[in-house]
Amino acid sequence: MRTDVAIIGAGPAGLLLAHLLAQDGIESIVVEARTKEYVAARIRAGILESASVDLLRSAGLGAGIEAEGDEHRGIYLQWPHERHHLDFVDLVGRSVWVYGQTQVQADLAAASDAAGRAVYYGASDAALHDLDSDRPYVTFTDSSGAAQRIDALAVAGCDGSFGPSRAAMPADRRESWERIYPFSWLGILADVAPSTDELIYAWHPDGFALHSMRSASVSRLYLQVPNGTDVNDWPDDQIWDALATRLGHGQNGWTLNSGPITEKSVLPMRSFVQSPMRYGRLFLAGDAAHTVPPTGAKGLNLAIADVALLAPALGALVHKNDAALAEAYSDTALRRVWRCEHFSWWMTSMLHTSGDPFDAQLQLSQLRWVTASAAGAAGLAENYAGLPIGF
Ligand SMILES: Cc1cc2nc3c(=O)[nH]c(=O)nc-3n(C[C@H](O)[C@H](O)[C@H](O)COP(=O)(O)OP(=O)(O)OC[C@H]3O[C@@H](n4cnc5c(N)ncnc54)[C@H](O)[C@@H]3O)c2cc1C
C-alpha cells in the first residue's frame, strides 16, 4: 500500500491525526494492534481542557461534547474539615469539560468510519523501516494473517507507552527521563449520580482520593493505594468506606452516594519523557513520547496538543516539501510537554501522602496557600484549564 502518512496506533492521538490530515487533503493509513471494540471500551481519562475542546470543535468533532459534555468552572481542593472551590473562569477565564476518553474515542471512530478511512485493527508485528530516508515504510501482519507493507512520506508513532515507535529511534539519538511514584490509583466506575457538581481533589492522612464523574448518572472515583495492590483485595464495601473517610462524608452536611461498581482497576503512577519527538521521518505523538501521572488530567490533552502541532507540520511536508515546521515539531511540542509534566508532578506531590509527617505539613501549607492566595490559585487554574496549544 502507498499513502502520505502511516500512523501506528488508533487511540485518540492516531485517529485525531488521521482526521486532521484528511481535512487538509492528506491520506493516511492507521495500523492498530487491538480490536476496534477493545479500543472503544478502554476506561481512561475524563477531562478536556478548553484548548482541546476548541480544537475538537473546529475539526467538526464537537457535537458529542455539546450534547453530552459537562462544562465545569473549576475544582474543589480539600483536606480534613476544609473544602475550597477554585473557579478557573474567574481566575483565568477558561473552563474544563467532563467528557470521557471513551466518548472522544467513539466520536473519532465514527468520523473515521463515515469518511471510510483505512484503519487496520487487530494488526500484529508492526515494524518501522528506513526512517532516516524520505521514503519510510511500515510492515505488519493484518488480522487475517496476511503480511502488509505501507510505503509513506512520513510515519506517525501514536502507539502509546508500549508500542514499537519510541524504540525505533536509534538508542544514541534519544534521551529519556522517568519518575516512578511509590503509589498507584485504584479507580472505580460506579452507576451512581455524582455527589458533587465539580471534581473533588482530597488530601487525607490515609491517602489521596478523587471524586470525578462521567455523566449525571455515572461517577468515577479514585483512591491512592500502595504499588502492587491487587484490586481483588479491595471488596466494594471497603472501597466505599475508604472513599467516604477520605472525601469527608458527613462533614458540613455533605454525603457521598454509593452505588454498584461496574469497573475497577489499579493504575501505576509514572512520569516519562522521550526526546526528541522526531527522528528523520518518524514523529512521535501522545503517550508514545510521554506519560504523566493522571493527577493533573493532562495525558489525553497532551496527546491532542501534540497532534494539533503535528498535523500542520506534516501538511507542509507533504504538500510543499517544506520541512520547517516538521523540524521545529519536537522542540515546540516538548515545551508544552515539560510544562504539563511539571504541573502533573506538582499536583501529585501536593496531594499524595508519603507517611512522612514533615511532608504532610508542607503539603497542607501548600494547599492553604493555593486556596487562599489569588496568585497561587491562578497558577493552578492556568495549568489545569490548560495553556494554549504551542505554549
Ligand atoms: C491504563 C490507563 C489509564 C489511564 N487513566 C487516565 C485517567 O484516569 N485520567 C487521565 O487524565 N489520563 C489517564 N490516562 C492517560 C490517557 O488515557 C492517555 O494519555 C491517552 O490515552 C493518550 O492517547 P494516545 O493516543 O497517545 O495513546 P493510547 O490511548 O495509549 O493509544 C495508543 C494506541 O496504540 C496502540 N498500539 C500499541 N502498540 C501497538 C502496536 N505494536 N501496533 C499497533 N498499535 C499499537 C494501542 O493499542 C492504542 O490503541 C490513562 C492511561 C492508561 C494507559
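Indexing begins at 1, ligand by ligand and atom by atom, following the structure's order. The figures here come from the full heavy-atom set of this structure, side chains too, leaving out hydrogens, waters and symmetry mates.
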With a cut-off of 4.0 Å, which atoms of ligand 1 are near a heavy atom of [X]?
X      : answer
Leu300 : 19 (O)
Cys158 : 32 (C), 33 (C), 34 (O)
Gly299 : 19 (O)
Gly9   : 33 (C), 34 (O), 35 (C), 44 (N)
Gly163 : 38 (N)

Exercise. Could you tell me whether Arg73 and Asp197 make a salt bridge, using a distance below 4.0 angstrom between a side-chain N and a carboxylate O?
Key: no

Self-check item: Residues Arg94 and Glu49 bridged, charged N to O under 4.0 Å
Solution: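 Answer for the salt bridge query: no.
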
Quiz prompt | Structural part of Ala126 in contact with ligand 1, heavy atom criterion under 4.0 angstrom | solution =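 Side chain only.
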
Practice problem: Check each heavy atom of Ile47 against ligand 1 and say whether those closer than 4.0 Å belong to the side chain, the backbone, both or neither. | Solution: neither

Are any of the N/O atoms in [X] less than 3.5 Å from those in ligand 1?
X      : answer
Arg42  : yes
Gln101 : yes
Ala33  : yes
Asp287 : yes
Arg220 : no
Ser161 : no

Quiz prompt | Any Ala123 heavy atom less than 4.0 Å to ligand 1 | solution =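 Distance cut 4.0 Å: Ala123 fails for ligand 1.
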
Quiz prompt | Tyr222 heavy atom under 4.0 Å from ligand 1 | solution =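 Contact check Tyr222 vs ligand 1: positive.
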
Candidate with minimal heavy-atom separation from [atom], of [options]:
atom                    : options                        : answer
atom 9 (N) of ligand 1  : Ala45, Gly160, Ser265          : Ala45
atom 1 (C) of ligand 1  : Val292, Leu267, Val138, Asp306 : Leu267
atom 34 (O) of ligand 1 : Asp159, Leu284, Thr295         : Asp159

Quiz item: Which is it for Gln78 and His84 under the side chain to side chain donor-acceptor pair (under 3.5 Å) test, yes or no, and what are the steps along the way?
Solution: CA-CA 6 Å; Gln78 78 167 46; His84 299 266; over 6 Å; no

